[in-house]
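The block underneath contains the structure these notes are about, expressed in structure tokens.
Here the structure is a predicted model, which is why all the values come from computation and not from measurement.
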Amino acid sequence: MTPDLRIYNTQTRQIETFTTIEPGVVRMYVCGVTPYASAHVGHGMSAIVFDTIRRYLEHRGFRVRHAQNFTDIDDKIILRAAREGTTPQAMVERLIAEWLEDTDSLNILRATVYPRVTQEIPAIVAMVDGLIARGHAYAVDGDVYFRVRSFPSYGKLSHRRLDDLLSGARIEVDERKDDPLDFALWKAAKPGEPSWDSPWGQGRPGWHIECSAMCAAHLDGAVDIHGGGADLIFPHHENEIAQSEAFLGREPFARFWVHNGLLQLSDQKMSKSLGNMVRIREIAGRGLAPAFRLMVLQSHYRAPLTYTDDGLLAAENGLDRLRAAARAAAPNDGEGGAGAGSNVAALAAEAETRFHAAMSDDFDTPGAVAALFDLGRAINRHGASGGATADVDAARGTLRDLAGILGLPLSDTGADAADSDAAPFVDLLLDLRNQLRAAKQWAIADAVRDGLAERGIAVEDGPTGSTWSWARRDA
RNA sequence: GGCGCCAUAGCCAAGCGGUAAGGCACGGGUCUGCAAAACCCUGAUCGGCGGUUCGAAUCCGCCUGGCGCCUCCA
């Protein structure tokens with residue numbers, strides 16, 4: 001039997017049993033990106049984390065309504081577009097297309113909807129208007145600010161007190177605001193900026209309001225899971241709560257606040273503003289996107305993870321191990337003792353149980369992955385020992401299925417070798433080489449293997465014949 | 001200054017009161033013409049000091065060292 005699903009909630013700081021507003025349906029909103037530069041691996045980590053959560057929820061039988069926004073208008077976009085001599089719209093379109101390519105490469109399922117700020121202006125204006133009407137916001141010179149003091153529970157997500165925030169002294173003082181902590185819902189347009197009509201004049205939305213409006217428009221106002229990187233807890237998510245709950249007049253706006261730890265690069269947060277980023281397309285271009293996914297999954301989603309190239313390559317090696325174990329047709333030698341005793345079927349069932357126990361416990365993907373590796377070893381151990389090959393095949397199926405839940409495809413990477421234009425020629429070379437081997441012409445046979453290796457083709461000799469595959473690009 | 005997180009074998013990383021998962025790398029074996037793969041074997045008492053407990057990596061306190069948020073950020 002499958003254990004209850006338990007998830008850590010940032011707001012309560014506790015692991016709670018997961019329940020939904022509507023039975024069988026999960027409304028999940030994950031803060032997306034502001035497309036003003038290529039996505040880096042930190043964004044990739046977040047996308048992988050929430051994609052894995054979504055996949056597991058779906059595996060558990062939930063229908064997941066997954067919304068991820070694009071903040072397609074803001075200061076940085078305007079600035080960057082101007083610098084590049086293009087329009088904000090053109091740049092945004094290009095980068096959104098890039099984002100979808102990048103997330104595809106990481107095997108991220110497409111969200112149910114990708115709302116964009118610029119397409120939600122009426123809903124945003126309506127919400128801002130409603131907040132003014134309820135006394136939670138006020139307009140000044142074309143700007144509109146949320147009155148933080150009007151929302152008594154402000155700070156409940158990030159566990160801050162207003163007085164502590166004030167003493168931070170890093171809040172710029174704006175005389176026009178009633179209170180230094182008040183934040184913008186609507187910003188008056190400056191000359192030349194993209195802008196929209198509103199009751200307060202030409203302008204555009206503030207940073208936080210979009211997500212509230214989109215949750216209202218696309219997920220019926222309240223959500224079961226609201227996610228994002230840990231750096232969004234304050235002020236972004238705190239402000240979202242204030243806006244949404246003040247507007248809706250009820251709580252909670254989100255039942256589970258889920259935040260992933262941040263990816264670090266050389267012991268420092270990776271961030272677009274710091275410029276210390278590694279782009280997703282760089283690793284995808286090296287064929288290491290699946291390895292990156294495994295690297296992320298081998299650490300708990302709430303813990304920070306340091307990105308290193310060594311770590312990435314280590315994950316690739318581990319992934320190869322899983323792929324080999326899952327490969328059905330490979331009649332590996334490896335006549336390990338195996339023997340009777342434990343049987344694969346039982347070990348597969350055990351791995352599955354461990355997998356679900358781990359995933360149900362606040363998405364402990366490292367534990368789930370460990371179960372996968374153990375199952376892989378059990379398969380390899382029994383693989384060649386004759387016996388119940390049907391059980392071994394079934395275990396391979398279990399391994400592939402469980403890995404699939406994590407978004408790790410283990411299916412034959414050998415397929416692309418067979419499809420390659422070079423295949424007939426490589427096959428011919430291997431055929432000739434095996435004739436040489438039969439004649440014990442080792443030196444020439446090895447020269448062929450070495451020559452192929454130099455050209456990126458790895459050859460392996462097994463008891464039933466030789467196989468080849470494209471070696472990983474670069475290394 | 002305020003709030004919070006982390007510190008486990010060479011590296012990465014689980015663990016949530018009962019005597020340390022998993023991955024990578026290293027070394028020794030088996031198999032192999034060789035190589036590769038696979039399998040087997042080998043390694044930590046959990047940053048330091050106190051405390052609570054029959055019992056703590058797991059709870060509490062202090063210290064040391066990292067990091068995050070408080071400003072745009074996944």
Side-chain angles (χ1 to χ4, degrees), chain A residues 13 15 30-34 36 39-50 74-76 155 158-161 163-172 207 227-236 238 259-264 267-274 294-295 298-300 302-306 308 310-322 324-325 330 332-338 354 358 361-362 364-374 376-377 379-385 437 440-443 445-446 449-450 453 458-463 466-467:
Chain A
R13 290 175 168 167
I15 291 181
V30 181
C31 282
V33 291
T34 300
Y36 71 94
H40 63 233
V41 286
H43 299 113
M45 171 175 174
S46 189
I48 289 167
V49 163
F50 288 101
D74 94 319
D75 293 339
K76 293 185 295 296
S158 54
H159 306 98
R160 289 158 209 264
R161 294 177 309 166
D163 297 338
D164 291 341
L165 288 169
L166 280 174
S167 67
R170 290 169 72 179
I171 297 157
E172 58 184 277
W207 176 34
D231 52 351
L232 295 180
I233 296 172
F234 189 91
H236 185 55
E238 193 68 61
H259 294 98
N260 64 277
L262 300 182
L263 193 71
Q264 323 245 129
D267 294 327
Q268 209 178 15
K269 182 178 75 163
M270 183 177 304
S271 139
K272 287 192 274 196
S273 59
L274 291 175
L294 178 60
M295 181 171 101
Q298 281 191 291
S299 135
H300 189 85
R302 280 193 281 124
L305 172 65
T306 300
T308 63
D310 282 349
L312 187 60
L313 295 175
E316 172 67 8
N317 288 339
L319 192 55
D320 274 341
R321 206 173 142 67
L322 291 176
N332 279 333
D333 22 333
E335 184 75 31
R354 266 215 290 154
D361 181 15
D362 194 30
D364 175 16
T365 55
V369 169
L372 258 41
F373 277 103
D374 280 341
R377 177 177 297 105
I379 289 169
N380 287 333
R381 194 182 302 170
H382 291 75
S385 60
R437 291 177 66 212
K440 298 194 189 303
Q441 297 291 325
W442 308 127
D446 290 350
R449 184 172 62 198
D450 292 345
V459 175
E460 293 185 17
D461 300 323
S466 302
T467 60

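Between B:rG47 and B:rA7, the two C1' atoms lie 6 Å apart (nearest whole Å). For the C1' atoms, the distance linking B:rG68 with B:rG28 amounts to 44 Å, nearest Å. Remark: the separation of the P atoms in B:rA74 and B:rC16 is 33 Å, to the nearest Å. The gap from the C1' atom of B:rA9 to that of B:rU45 amounts to 11 Å, rounded to the nearest Å. The separation of B:rC59 from B:rC54, taken at their C1' atoms, amounts to 16 Å, rounded to a whole angstrom. Remark: the separation of the P atoms in B:rC6 and B:rG10 is 23 Å, to the nearest Å. Nucleotides B:rA13 and B:rC67 place their P atoms 15 Å apart, quoted to the nearest Å. Taking the C1' atoms as reference points, B:rG22 lies 31 Å from B:rC60, given to the whole Å.
With B:rG68, B:rA13, B:rG23 as the choices, the nucleotide that has an atom nearest any side-chain atom of A:L262 turns out to be B:rG68. Considering only side-chain atoms of A:R449, the nucleotide from B:rG68, B:rC34, B:rA21 that sits closest is B:rC34. Side chain of A:F373, nearest nucleotide from B:rA74, B:rG22, B:rC16: B:rG22. Among the nucleotides B:rC70, B:rG22, B:rC67, the one closest to any side-chain atom of A:Q264 is B:rC67. If you check B:rA74, B:rA13, B:rC69 against the side chain of A:H40, the one that comes closest is B:rA74. For A:D461, the listed nucleotide lying nearest its side chain is B:rC34; candidates were B:rA14, B:rG2, B:rC34. With B:rC39, B:rA74, B:rC70 as the choices, the nucleotide that has an atom nearest any side-chain atom of A:H43 turns out to be B:rA74. Nearest to the side chain of A:D364, among B:rC24, B:rG15, B:rA13, sits B:rG15. The nucleotide whose nearest atom lies closest to any side-chain atom of A:R381 is, among B:rC72, B:rC39, B:rG23, B:rC39. Considering only side-chain atoms of A:D164, the nucleotide from B:rA74, B:rG22, B:rC3 that sits closest is B:rC3.
Put simply, A:N380 has no side-chain N or O that comes within less than 4.0 Å of OP1 or OP2 on B:rA37. Side-chain nitrogen and oxygen atoms of A:R321 include at least one within less than 4.0 Å of the OP1 or OP2 phosphate oxygen of B:rC39. In terms of phosphate contacts, A:R377 brings a side-chain nitrogen or oxygen within less than 4.0 Å of OP1 or OP2 of B:rC40.
Going from atom CZ of A:F234 over to atom P of B:rG2 covers 17 Å, rounded to whole Å. Whole-Å rounding puts the A:R161 CZ to B:rC3 P distance at 7 Å. Rounding to whole angstrom units, CG of residue A:D231 and P of B:rC67 are separated by 17 Å. Between the CD atom of A:E316 and the P atom of B:rA37 there is a distance of 13 Å, rounded to whole Å. Atom-to-atom, CG of A:D74 to P of B:rC72 comes out at 11 Å; the value is rounded to the nearest Å. Straight-line distance from the CG atom of A:D163 to the P atom of B:rC3: 12 Å, rounded to whole Å. Regarding A:L305, its CG atom lies at a distance of 15 Å from the C1' atom of B:rC5, rounded to whole Å. Nucleotide B:rC16 holds its C1' atom 12 Å from the NE2 atom of A:H300, rounded to whole Å.
Figure legend: A:R321 and A:F373 shown without cation-pi pairing, the cationic atom not lying both under 6.0 angstrom from the six-membered ring centre and within 45 degrees of its axis.
Counting any heavy atom pair closer than 4.0 Å across all strands shown, A:D374 reaches sugar-phosphate atoms only and no base atom. Nucleic acid contact class of A:A314 (heavy atoms, under 4.0 Å, all strands): sugar-phosphate only. A:G32 comes within 4.0 angstrom of sugar-phosphate atoms only, judged by non-hydrogen atoms across all strands, and of no base. No engagement by A:H259 is indicated, since no non-hydrogen atom pair under 4.0 Å with the nucleic acid exists. Across all strands shown, A:G228 has heavy atoms under 4.0 Å from sugar-phosphate atoms exclusively, and none from any base. Residue A:R437 is classed as a base contact, given a heavy-atom separation below 4.0 Å to a base. Residue A:K76 is in sugar-phosphate contact alone, with no base atom involved, counting any heavy-atom pair closer than 4.0 Å across all strands shown. In this structure, A:I233 reaches neither bases nor backbone, as no heavy-atom distance under 4.0 Å exists between it and the strands shown.
A:L262 places none of its side-chain heavy atoms less than 4.5 Å from the side chain of A:M45. Taking the side chain as every heavy atom from C-beta outward, A:E460 and A:S466 never approach each other to under 4.5 Å. The side-chain heavy atoms of A:P366 and A:Q298, taken from C-beta on, include no pair separated by under 4.5 Å. Within the 4.5 Å cutoff, no side-chain heavy atoms of A:H300 are placed close to those of A:L305.
Ion pairing of A:D74 with A:K76 is present here, as a side-chain N (NZ or NE/NH1/NH2) and a carboxylate O approach within less than 4.0 Å.
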Step by step, would you call A:L312 with A:E316 a side-chain contact (heavy atoms from CB on, under 4.5 Å)? CA-CA 6 Å; A:L312 187 60; A:E316 172 67 8; over 6 Å; no
Determine whether A:D461 and A:R437 satisfy the following criterion, side-chain contact (heavy atoms from CB on, under 4.5 Å), listing intermediate values before the conclusion. CA-CA 11 Å; A:D461 300 323; A:R437 291 177 66 212; 3.4 Å; yes
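B:rA44 makes up no base pair with any nucleotide shown, lacking Watson-Crick or G-U wobble contacts both under 3.5 Å. Across every strand in view, B:rU52 sits unpaired, with no contact that passes the Watson-Crick or G-U test at under 3.5 angstrom. Searching all strands for a Watson-Crick or G-U wobble partner of B:rG1 with both distances below 3.5 Å returns B:rC70. Remark: B:rG65 base-pairs with B:rC6. Criterion, Watson-Crick or G-U wobble with two distances under 3.5 Å. For B:rC34, there is no paired nucleotide, since no Watson-Crick or G-U wobble pair has both relevant distances below 3.5 Å.
In this structure, the salt bridge (Lys or Arg N to Asp or Glu O under 4.0 Å) partners of A:D374, at least two apart in sequence or on a different chain, are A:R354, A:R377.
With hydrogens and angles ignored, a donor-acceptor pair closer than 3.5 Å exists between the side chain of A:D446 and the base of B:rG33.
Stacking between A:W442 and B:rG33 is present: the aromatic ring centre lies within less than 5.5 angstrom of the base six-membered ring centre, and the two planes differ by under 30 degrees.
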